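In this text, all values refer to a predicted model and were calculated from it rather than measured experimentally. Chain letters run A, B, ... following the sequence lines, proteins first and then strands; every chain starts at 1. The figures that follow rest on heavy atoms only: side chains count, while hydrogens, waters and symmetry mates do not.
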Amino acid sequence: MSWQITYKIKRYHPDQGSRVDTFQVEIEPERTVLDGIELIWAKQDRTLVFRHACHHASCGSCGLVVNGVEVLPCIKLIQDATTDGGTLEVEPLRNFPVVADLVVDMAPFFERMQLIGMPIVGPTGPLPGQEPDEYTAFENCIECGLCLSACPVVATDSKYLGPAALAAAERVIEVSEGRLSDEVLAAVDNEHGLWRCHAAFECSEVCPSNVDPAGRIMALRRRMTFERLRRLVGAKG
Amino acid sequence: MSTPSHNYSAIVIGAGSTGSAVAHDLTLRGFAVTVVERGEIASGTTGRNHCLLHSGGRYCVKDQESAIECIEENMILRKIMPDALELNGGLFVAITDSDMDYKPLFLEGCEACNIPHKELTADEALKLEPNLNPEVKAAVWVPDGVFEPMRLCLSFLATAKSHGAVVRPFTEVKGLLMEGGRVTGVHVWDRIENKEFDIHADVVINAAGPWAEAIAEMAGIDVPVVPTPGVMVSMTGRHNQRVINRLNKSSDGDIVVPQRETSIIGTSSWKVEDADYIEIPEDHVRLMYERGAEMLPVLKSVSPRGIFTVARPLIGSRGEAEGRELSRTFKCFDHADEGVEGFVTISGGKTTTSRAMAETTVDVVCKKFGLEIPCTTRDTVLLSYRAFYTL
Ligand SMILES: Cc1cc2nc3c(=O)[nH]c(=O)nc-3n(C[C@H](O)[C@H](O)[C@H](O)COP(=O)(O)OP(=O)(O)OC[C@H]3O[C@@H](n4cnc5c(N)ncnc54)[C@H](O)[C@@H]3O)c2cc1C
Ligand code: SF4
């Protein structure tokens with residue numbers, strides 16, 4: 001049985017400015033918020049632009065703000081997002097330049113991820129009760145940018161490195177059991193890096209992939225503080 | 001590496017795995033390339049597929065041509081694509097007597113197609129994958145892997161960009177420019193700027209997947225593409241580290257692909273007319289749960305995270321045998337054969353074999369211009385997908 005859903009979608013085109021368009025959609029409650037958007041594009045309005053690829057929370061491209069909260073619409077079922085007859089207010093991610101409609105420019109984000117250089121494929125822990133052996137797996141972070149969209153610090157400091165990149169730096173140390181390169185260290189250990197975070201924990205709240213960026217930022221702080229102390233003590237001795 | 005020198009230009013329609021690999025190969029062979037994709041990169045079939053880097057095991061009994069293509073390309077992608085592959089291997093598991101009857105055929109097939117493989121006892125298999133059905137009778141390990149489809153496309157495209165390609169997502173082809181029986185470019189709609197304009201080139205390559213037929217129609221040519229969707233169910237949590245295949249003839253719901261935080265059960269097969277939005281048949285979804293749980297019973301007790309579907313661009317004429325029977329190998333059409341110059345269509349195949357599909361396509365294109373430039377994509381290590389955004 002299909003549900004009747006109202007989608008209110010924030011539209012933007014470079015030479016037309018912003019507006020909100022309303023669409024009525026008939027869709028099964030087991031399908032996703034993203035399916036509804038694709039259905040609008042397929043049957044009602046071919047001008048709607050949005051990002052999507054994998055539809056299972058792996059590519060990280062479809063992130064949006066739905067009813068005020070950052071979500072990956074590809075794994076947000078209609079029945080978990082609203083009720084029959086309900087409304088979905090859909091906006092592009094916050095804190096990213098909007099290209100058009102729901103499409104944001106990810107270039108600044110990927111520049112930071114590239115700078116940190118966390119390999120997207122790495123070793124993974126075995127399942128409980130399982131012998132470790134050789135295999136690799138994708139990292140949890142799908143580079144969706146939801147954490148940046150939700151972060152109150154990113155909203156006020158455009159130079160802030162942001163939760164995903166800081167979490168990636170911590171992961172680089174963890175996986176390689178090593179240190180960060182001087183270049184990465186310089187980007188992380190400064191006033192727009194590690195020490196800028198307010199510990200609002202919004203990032204971990206919205207992260208769809210169990211990265212816990214806030215937890216990782218705190219862990220990275222502990223590491224850095226320890227490093228500083230060690231150097232201090234070392235210098236005296 | 002020196003770029004071969006000539007001044008030919010090419011337009012590639014579609015930035016799925018096929019178009020992305022074609023664009024990369026074309027730039028290496030000296031073409032000035034423009035890629036036009038109506039949506040986001042990989043927003044067609046590629047992005048939404050099952051993410052299996054085929055070892056060829058799934059085809060080694062019934063379709064050895066496909067199986068050989070798969071294992072060859074699997075080994076090549078391991079070398080050239082460091083950034084989009086999860087190399088975790090795969091098991092073909094026997095649960096029933098019928099599966100055990102299939103095992104010798106499968107082993108013969110692996111031998112015949114040169115697929116590395118290793119027989120495992122039930123205990124060995126359970127030790128590797130504790131969530132397997134305890135009834136498992138035996139298993140065979142093969143070098144399956146998992147890719148991330150969008151990142152795979154972005155790696156090809158980033159490398160193409162570094163060699164001068166212009167990549168235009170959100171640019172939809174509305175028509176082909178024709179001059180006296182020759183395709184000379186495309187008329188496009190830039191969906192970001194909301195503007196229409198023409199792009200000219202010496203050759204246009206139609207890599208529009210299930211939509212290749214619609215593009216070919218714009219030149220008055222019939223390309224028989226049968227959009228053949230399959231359902232996949234992404235479950236909450238990752239319950240297997242390796243790809244788990246049923247050791248038997250291909251059938252619905254006979255594979256569970258792990259990726260990141262999920263295990264994805266797939267897939268099925270039916271035919272549709274319009275691949276833009278596909279309704280998901282409920283009975284297919286139920287079948288996925290049932291069949292998936294035969295291999296990994298834990299899947300019965302976890303909830304789905306998302307259900308998705310997308311259409312294979314299989315070659316064949318409508319009304320032929322059911323989808324699963326159509327060849328999995330690809331076809332490249334030089335439409336000069338139908339009297340239209342400057343226009344090539346590539347369709348069918350798999351993401352796993354996209355590099356080989358591109359090699360064949362660009363061989364055809366080079367021949368049209370009398371160019372003899374060897375393909376170098378086998379040995380060209382691709383840039384990171386991140387470079388797509390930063391170049
Ligand atoms: C259910 C399913 C599971 C699969 N699983 C696997 C797997 O596990 N492993 C594997 O290797 N293969 C798999 N495949 C096969 C594989 O996904 C496809 O063969 C492959 O993705 C086809 O790629 P393509 O680039 O040819 O098509 P597409 O990815 O569809 O690319 C064509 C592109 O053209 C664009 N386009 C369409 N019309 C226009 C226009 N007018 N203007 C501009 N652009 C346009 C579309 O938006 C699209 O992005 C699977 C297929 C299906 C259906
Ligand atoms: S840390 Fe989480 S929310 Fe942030 S980009 Fe990575 S996956 Fe997305």
Chain B contact via [X] - which portion, at a heavy-atom distance below 4.5 Å:
X	value
A:E28	side chain
A:F50	backbone
A:S61	side chain
A:I27	side chain
A:L39	both
A:D101	neither

Between [Y] and [X], do the side chains contain a donor N or O and an acceptor N or O under 3.5 Å apart?
X	Y	value
B:N240	B:N131	no
B:S384	B:D83	yes
B:T351	B:N49	yes
B:E261	A:N210	yes
B:R151	A:S58	no
A:D45	A:T47	yes
B:H187	B:E196	yes
B:S268	B:H284	yes

Give, as side chain, backbone, both or neither, the part of [X] having an atom under 4.5 angstrom from any heavy atom of chain A.
X	result
B:A84	backbone
B:L391	neither
B:S43	both
B:T45	neither
B:C51	side chain
B:E279	both
B:Y385	side chain
B:E148	both
B:I41	backbone

Determine the option with the most heavy-atom pairs under 4.5 angstrom with chain A, choosing from [options].
options	result
B:L154, B:N194, B:D276	B:D276
B:V146, B:T262, B:I280, B:T46	B:I280
B:R191, B:M150, B:Q259, B:E172	B:R191

Can you tell which of [options] has the highest number of heavy-atom pairs within less than 4.5 Å of chain B?
options	result
A:A57, A:C62, A:P119	A:A57
A:R46, A:K76, A:E30	A:R46
A:C74, A:C54, A:A107, A:A100	A:C54
A:E111, A:R31, A:M106	A:R31

request  = For A:N95 and A:S149, work out which heavy atoms get closest and say how close.
outcome  = ND2-O, 3.2 Å

task = Give the minimum heavy-atom separation between A:V184 and A:L115, together with the two atoms involved.
result = CG2-O, 3.3 Å

key: Check against side-chain hydrogen bond (donor to acceptor under 3.5 Å, both in side chains), A:S209 and A:N140   = CA-CA 6 Å; A:S209 204; A:N140 279 353; 4.9 Å; no

ask   = Among A:V66, A:L48, A:V25, which residue meets the side chain to side chain contact (heavy atoms under 4.5 Å, CB included) test with A:Y7?
value = A:V25

key: B:W189 six-ring face occupied by B:R38 cation (under 6.0 Å, within 45°)   = no

